[in-house]
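See below for the structure under consideration.
Whatever order the structure lists them in is the order used to number ligands and atoms, beginning at 1. Along the sequence shown, the residues carry numbers beginning at 1.
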Amino acid sequence: MMTEKKDIIEERYNKVLGRIAAAARSCGRKPESVRLVVVTKSQPTEIVQAAIDAGARILGENYPEEAVEKINTLQVQNSVEWHMIGHIQSRKAGLVIADFALLHSLDSYKLAAKLNRLAHEAGKRLRVLLEFNVGGEESKFGWPAWDEKNWHSLVPGVTELFRLENLEIKGLMVMPPIFADPELSRPFFKKARKLMVFFAENIPVIEWNELSMGTSGDFEVAVQEGATLVRVGQSIVGPRQYSNRGKP
Ligand SMILES: *Cc1c(COP(=O)(O)O)cnc(C)c1O
């Protein structure tokens, strides 16, 4: 790849880190309390390598086959952590067990049960976040959580998930509607944070530590509202590339 492109990715990566740090300080948080997941879905391995060379240590992927292929090609498993952030069909659960340090997008009991069984067979524990739909959009995955009045009805299901011994619930993930103005995301991030506090009070046996929220358009607002993991793609690696043909 052209050095120029590598330099651009490094510059953007450092810029995003700087913006995360500034957003954290602006609300009295330590910059280290927020980790950056660089989202590389649909990007070729050269771009992923450039992100790693720039300093990225957590890479987020959406599609299991694509991710596993990149992981095998790059052979950098020890220096970086791979996170699965996309919706997983339960028949693809097997692809998540071996290579991923954290699944952000656990969104059904069926998937959870299958992952639990496969993790058990592999002699592993898989760390997961539970995905909730706080925006109410029908197109979005995640357990329904847009209406606070119904939060109590989520408790038995989450308690069931906790009983799956080879899964380790670390917190929650949300993907609210995308707005041109990041301030419009704020109420959804606030709601996610409040939902996490609700679970911490109602299911204290789980340590609710991780809150995954915020993308290129609104990660600073997410940090101000308590994100511990932000998932940033385009602002670092550029527009998504659905085909590699003809690319430098
Ligand atoms: C693609 C994606 C992101 C990153 O979005 P950008 O706009 O590229 O920053 C974050 N989270 C999820 C779940 C995604 O699918």
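Annotation: ligand 1 has protein neighbours Val39, Lys41, Asn62, Ile85, Met175, Thr215, Ser216, Arg231, Val232, Gly233, Gln234, Arg240, each with a heavy atom less than 4.0 angstrom from the ligand.
In this structure Phe132 satisfies the ring pair (Phe, Tyr, Trp, His ring centres under 6.0 Å) test together with Trp143, Phe199, sequence neighbours excluded. In terms of the ring pair (Phe, Tyr, Trp, His ring centres under 6.0 Å) criterion, residue partners of Phe141 (sequence neighbours excluded) are, by chain and number, His87.
By the 6.0 Å contact criterion, CD on Glu160 is enclosed, its count of non-hydrogen atoms from other residues, nucleotides or ligands being greater than 12.
For the ring-ring contact (aromatic ring centres under 6.0 Å, His included) condition, the pairs that include at least one residue of residues 88-119, sequence neighbours left out, are His83-His104.
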Dump the intermediate steps for side-chain hydrogen bond (donor to acceptor under 3.5 Å, both in side chains) on Thr228 and Glu210, then the final yes or no. CA-CA 6 Å; Thr228 62; Glu210 301 285 2; 2.6 Å; yes
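Between Glu66 and Glu61 the shortest side-chain heavy-atom distance falls below 4.5 Å.
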